[in-house]
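Read through the structure below, which is laid out as structure tokens, and then see the notes.
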Amino acid sequence: MAKKYDMTIGGQTVATDDYIEVRNPANTDEVVGLAPVGNNSHVNQAISAAKDAFATWRKSSDEERVAAVQTIAKVCEDNAEELAELLTKEQGKPLNGNGSRFELGGCAGWAGYTSSIGLSEKVLEDSEESNIVMQRHPLGVVGSITPWNWPLMIAIWHIAPGVRTGNTVVIKPSPYTPLSTLRMVQLIAEALPPGVVNVVSGGDEIGAQLTDHDDINKIVFTGSLATGKKVMACAAKRVTPVTLELGGNDAGIVLPGTDVSQFAEGLFWGSMLNSGQTCGALKRLYVHDDQYDAACKAMVEIAQAIPMGDGMDENSILGPLQNKQQFDIVSNLVNDARDNGAKVLCGGDPQGGNNYFYPVTIVGDAVDGMRLVDEEQFGTALPIIRYSDVDDAIAAANGLDYGLDASVWGHDKDQLADVAGQLEAGTVLINKHIGIAPHVPFGGIKGSGLGVEFGQEGLEAYTYIKVINAAA
Ligand code: NAD
């Protein structure tokens, strides 16, 4: 019998009558554990516990908040191996490489950094007429909704700034990867005052119930554009503040005259991190005519050398896609590109069986308008598009309804800066792709989201501004 995991509400472990099996995407015959299927009553209990806890936590001192977030970092560190193994089994990413251990390192690192920054009062005027001070205060109960690609890191991205600023949190993990979040929150909750952090698992409807609750004072959502729109529409009912970190279809442009061999590793990992299941991964690569063949060749060589396999095997560097839905999306997009004249240069032919492995697939002769280029593939397939005019490549890069990251690659610093200035995205990278860090604000424009996470600006998003304006 597989191990049962439970929800944590108000510092208590809460079981349900109903559990679902969570299966290993590297071998779907293996049941990793049983996840509780919560219902509306659990959502209400969790929000009520968080609201009760907020009455006290809002009055906590800055030192207490710093200590709490340092504790979160320590919990992630002390339990890294247990959580990494659980994460690998339910998510598929390898323990090794930029996989589960890396993700747990990120959790501790993000929480540690978040504990080190804070919010101070700002004097806006101190004159003979007025003394005006701007303060920042916690909003209340934060409803956090997370996806399945980096479930623990994203959970910490929501929990740490929430707690640091004096809020309490109810988190709802993705139904595809609930176990590691249930366990991590249980461990965190044991170390913090009851009700400061709570977790309710279940289907998508739990997310909808969480966002549509009178006592939720802030929603932080990471997931797809389609769901983000629903979350925002629901938030509009009560004018609840939202942060939305949504999908991306990041373009990279390799400039004319670039020595591609110098950047091939960076391009490859910018695209294939976490088997391509990363919001800010490179998802379409524009290469100038002169370097096109060299770029395709270099990417194929790396693709064929990277070991993909069961994440519990220390030799695996890439794992399977996480779920059947994602496997089908990637398969359909690659097949559609092939049917429409693109060349599958490597991969594109999954072996089948009880798993969601999709080989690293480099697709040449891709063109704008192909679904693989225009839609977010979120997996191990990269289309490479040929261009001859840099302005056309910039226009194509900016042409979709996404704007998370974009990158430009080359040697001429002035030209790199010029192109970077013209790319429309929340983050533009030069000679690298994916540059997230806890001190650097990160967010998307257009369909990629609203607001930022990380750094001072990310922390401020968990507060409201109160101005005290006194006559002198
Ligand atoms: P998803 O939108 O399907 O699900 C995300 C979460 O929303 C899940 O927990 C789900 O249960 C919940 N949900 C579903 N319906 C809901 C509703 N009506 N109301 C509230 N919650 C609801 O996304 P996914 O497939 O889990 O994740 C992949 C997507 O996430 C990709 O598009 C990826 O680019 C994006 N993503 C973005 C970032 C970022 O920081 N910008 C990071 C990671 C992933």
Side-chain angles (χ1 to χ4, degrees), residues 20 35 37-38 40 43 90-91 93 103 106 110 143-158 170-178 180-182 199-213 216 219-237 240 242-250 273-283 321-330 375-379 400-405 425-427 434-436 440-454 458 461:
I20 49 157
V37 181
N40 201 17
V43 174
E90 73 169 347
Q91 205 284 335
K93 66 182 66 188
E103 183 162 347
W110 246 272
S144 146
I145 299 169
T146 54
W148 47 260
N149 58 340
W150 293 92
L152 295 187
M153 191 124 86
I154 292 172
I156 292 296
W157 291 350
H158 295 182
V170 178
I171 184 167
K172 187 214 89 68
S174 165
Y176 289 114
T177 53
S180 50
T181 305
L182 287 162
V199 56
V200 181
S201 61
D204 293 346
E205 68 286 353
I206 298 290
Q209 288 158 7
L210 192 63
T211 49
D212 196 8
H213 196 289
I216 287 289
I219 300 165
V220 51
F221 170 82
T222 306
S224 65
L225 171 58
T227 311
K229 286 180 180 172
K230 291 184 198 164
V231 168
M232 193 164 171
C234 187
K237 288 190 199 172
T240 309
V242 285
T243 300
L244 301 176
E245 294 288 2
L246 308 178
N249 197 344
D250 293 8
L273 178 69
N274 200 31
S275 290
Q277 302 165 117
T278 298
C279 52
L282 174 61
K283 293 179 181 143
L321 301 180
Q322 202 281 325
N323 54 68
K324 173 142 187 356
Q325 183 190 315
Q326 201 56 47
F327 180 90
D328 289 344
I329 290 172
V330 174
E375 296 176 25
E376 185 187 31
Q377 69 275 46
F378 216 60
L400 300 181
D401 186 27
Y402 282 114
L404 196 55
D405 299 330
T427 302
I434 303 182
I436 56 163
V440 182
F442 171 72
I445 60 167
K446 300 196 268 185
S448 289
L450 184 69
V452 293
E453 296 187 278
F454 318 152

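Everything numeric here is computed off the predicted structure, so don't read it as measured data. For ligands, and for the atoms within them, numbers begin at 1 and follow the listed sequence.
- Ligand-side atoms of ligand 1 in range of C279: 34 (O), 36 (N), 37 (C), 38 (C), 39 (C), 40 (O), 41 (N), 42 (C), 43 (C), 44 (C), range being under 4.0 angstrom from any heavy atom.
- Counting atoms of ligand 1 from 1 in the listed order, those under 4.0 Å from a heavy atom of E245 are 37 (C), 38 (C), 39 (C), 40 (O), 41 (N).
- Atom numbering of ligand 1 starts at 1 in the shown order; those under 4.0 Å from a heavy atom of T146 are 6 (C), 8 (C), 9 (O).
- For a threshold of 3.5 Å applied to N or O pairs, the pair formed by W148 and ligand 1 contains at least one separation below that value.
- Considering backbone and side-chain N/O atoms, E453 never comes within less than 3.5 Å of an N/O atom of ligand 1.
- Every atom of ligand 1 with a heavy atom of E376 under 4.0 Å away is listed here by number and element: 31 (C), 32 (O), 33 (C), 34 (O).
- For a threshold of 3.5 Å applied to N or O pairs, the pair formed by V231 and ligand 1 contains no separation below that value.
- Of all atoms in ligand 1, listed by their number and element, those nearer than 4.0 Å to a heavy atom of F442 are 40 (O).
- In terms of protein heavy-atom proximity, atom 11 (O) of ligand 1 is nearest to D204 OD1, 2.7 Å.
- Close contacts between ligand 1 and I154 involve ligand atoms 42 (C), 43 (C) [criterion: under 4.0 Å to a heavy atom].
- Considering backbone and side-chain N/O of K172, one or more are found under 3.5 Å from N/O of ligand 1.
- Of all the atoms in ligand 1, the ones that sit under 4.0 Å from a non-hydrogen atom of I145 are 6 (C), 7 (O), 9 (O), 12 (C), 20 (C), 21 (N).
- Taking any N or O of N149, backbone or side chain, none lies under 3.5 Å from an N or O belonging to ligand 1.
- Within the 4.0 Å heavy-atom criterion, neither part of I206 lies near ligand 1.
- Geometrically, ligand 1 and T227 share a nitrogen or oxygen pair separated by less than 3.5 Å.
- Considering all non-hydrogen atoms of both residues, G228 and L246 come closest at CA-CD2, 3.8 Å.
- For the 3.5 Å distance criterion, the side chains of E453 and T243 fail to qualify, holding no donor opposite an acceptor.
- The shortest heavy-atom distance from Y176 to ligand 1 is not under 4.0 Å.
- Atom 27 (O) of ligand 1 has its closest protein heavy atom at P147 CB, 3.3 Å.
- A side-chain donor-acceptor contact under 3.5 Å links Y176 and Q325.
- Remark: ligand 1 and S224 share an N or O pair separated by less than 3.5 Å (distance only, no angle test).
- Near P175, the atoms of ligand 1 lying under 4.0 angstrom from a non-hydrogen atom of the residue are 11 (O).
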